[in-house]
Amino acid sequence: MQTISTTQTIRPAKNLHGSFRVPGDKSISHRYAMLAGLAKGTSRLYNFSTGADPHSTLGCMVTLGAKVNTQSDGTIEVTGVGGAFERPVGQLDCGNSGSTMRMLSGLIASHPHVFTLIGDESLSRRPMERIRKPLSQMGARIDLTEGHAPVTIFGTPLKAIDFATPIPSAQVKTAILFAGLQAEGVTSISESVRTRDHSEHALRAFGAELNRTADKITIAGGQTLTGIDVAVPGDISSAAFFLCAALLFPDSNLVFDGLGMNPTRAALLDVLTGIGLKVKVLNLEEKHGEMVGTIQVNRVQDGLKGADISGALTAQLIDELPVIAAIAPYTQEGIRIRDAQELRVKESDRIALVAKNLKAMGAEFEEFEDGLHIPGNQKLHGARIETGHDHRIAMAFSVAALRAEGETIIQNAEVASVSFPEFYTLLDTLAER
Ligand code: S3P
């Protein structure tokens, strides 16, 4: 499919206010779609992500024999294969989505077919050895092309393993959990840093049992799943763009309704509070293990402090680092990000692209192999932003543009639709000019 390249012009804003609901969480949508596809019976997934990535996962579920219907209100109805995926007619197209390729590999590896997973140019550059290794230890045969996609999986019965994840990755953890669910024996996974735990909650919601201690998760094989009706909480990583934008205006006032507040994703709120965001939780409830709430945010009246992000915190904020870096010049103390080498193997080399675009907007900074140091008290000017076809770079610099002098042009702006198709329209509605 050919995408038409579009640009977006972002004008500076005077303030930001409004009340809204961000679309369903991308990470949770992937997991619900995959487990609903494997389960017995029909699931109804409300507030499913509108992003292209989770729709790639739905497309793969159809190729594997699940039935997927989209209702007029956006609800996705998935009738699963009852534990046995069909032999795929054609390749499993994961599009731009690393989550689809990695997590799906674990979900299908025990099914008796040959699967070929492909992706776009960006996904075909991303490392896949990290899932090949544990899944091979479980008995799967997986062929990669120099460590990358296409991924060919020769499905076979799997056996349980004890695995310690060398790099913190929820996608790798999930691939092993999904494989472990269908393997012989009890699989255990130890994490040095606790990554997002949506898979653990989703598995329980679909009827599986698993145990978790401080740093270890165990799951017994041979468990079956049953379809459910479930609503996807709003995506805090999409909200992050507006939370950071709210920091840029002394009189900003935003209310986010139905927002996912899972503690393994909410480190963002702590960091932004440290910089100068005031967060009021108006309500909070638990649904299928996920915390969902309404929050109101404003900015402190005096200047914005800075932040020092390294170690475990980096893994917990991995998707939000580009936008935090993009607003760093507007803080007083600047922002230092280290231990973030994983950013170099995301949809783009996010350290290099953040650096390039900060430079284009006139900022000074220091770049490291594993991060950036961006001093505060800097003024930015409008520029042409190179997105590298990366959704989070396009949105991060749209936020930086709100306080820059002059207009900013976001090239290949359409890429935002990978996770957040409504982004520019919402920004226009909330920004006062
Ligand atoms: C995700 C995990 C993270 C994140 C990605 C979504 C997930 O990737 O960057 O956008 O849904 O599990 P890693 O597992 O590679 O850290």
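All heavy atoms count here, side chains included; hydrogens, waters and symmetry mates do not. Counting starts at 1 for both ligands and their atoms, in listed order.
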Practice item. Output yes when Lys346 and Asp390 qualify as a salt bridge under the 4.0 Å nitrogen-oxygen rule, no when they do not. Key: no
Review point. Which ligand 1 atoms are under 4.0 Å away from a heavy-atom of Asp319?
Key: 4 (C), 5 (C), 9 (O), 10 (O)
Review point. Out of curiosity, is Thr174 lining ligand 1, as in a heavy atom under 4.0 Å away?
Key: no
Review point. Is it true that His30 lies under 4.0 Å from ligand 1, counting heavy atoms only?
Key: no
Check your understanding: Residues two or more places apart in sequence or in another chain: which of them pass ring pair (Phe, Tyr, Trp, His ring centres under 6.0 Å) with His111?
Key -> Phe85
Could you pull out all donor-acceptor pairs under 3.5 Å where a side-chain atom in residues 154-163 meets a protein atom, sequence neighbours excluded?
residue	atom	partner	partner atom	Å
Asp162	OD1	Ser188	OG	2.7

Review point. Heavy-atom distance under 4.5 Å between the side chains of Glu290 and His198, does that happen here?
Key: yes
Review point. Under a heavy-atom criterion of less than 4.0 Å, does His198 contact ligand 1?
Key: no
Exercise for review: Tell me which protein heavy atom sits closest to atom 14 (O) of ligand 1, plus the residue, atom name and distance to 0.1 Å.
Suggested key: Ser169 OG, 2.7 Å
Point to revise | Identity and distance of the protein heavy atom lying nearest atom 11 (O) of ligand 1 | key: Ser27 OG, 2.7 Å
Point to revise | Shortest reach to atom 16 (O) of ligand 1 by a heavy atom, considering only Lys346, His391, Gln171, Arg196 | key: Lys346
Check your understanding: Under 6.0 Å from the CD atom of Glu129, do we count more than 12 heavy atoms belonging to anything else shown?
Key -> yes
Practice item. Give the contacting part of Ser99 toward ligand 1: side chain, backbone, both or neither, where contact means a heavy-atom distance below 4.0 Å. Key: side chain
Review point. So is Glu342 polar-close to ligand 1, meaning N/O to N/O under 3.5 Å?
Key: no
Review point. Between Arg126 and Asp120, is there a side-chain N and carboxylate O pair less than 4.0 Å apart?
Key: no
Exercise for review: Please identify which atoms of ligand 1 are closer than 4.0 Å to at least one heavy atom of Ile318.
Suggested key: 9 (O)
Revision key, fill the gap. Among non-hydrogen protein atoms, atom 12 (O) of ligand 1 lies closest to Arg31 NH2, 2.6 Å
Check your understanding: So does Glu121 have more than 12 non-hydrogen atoms from other groups sitting under 6.0 Å from CD?
Key -> no
**Study point:** Contact check: Ala170 vs ligand 1, nitrogen or oxygen atoms, below 3.5 angstrom
**Key:** yes
Point to revise | Heavy-atom neighbours of Glu422 CD exceed 12 at 6.0 Å | key: yes
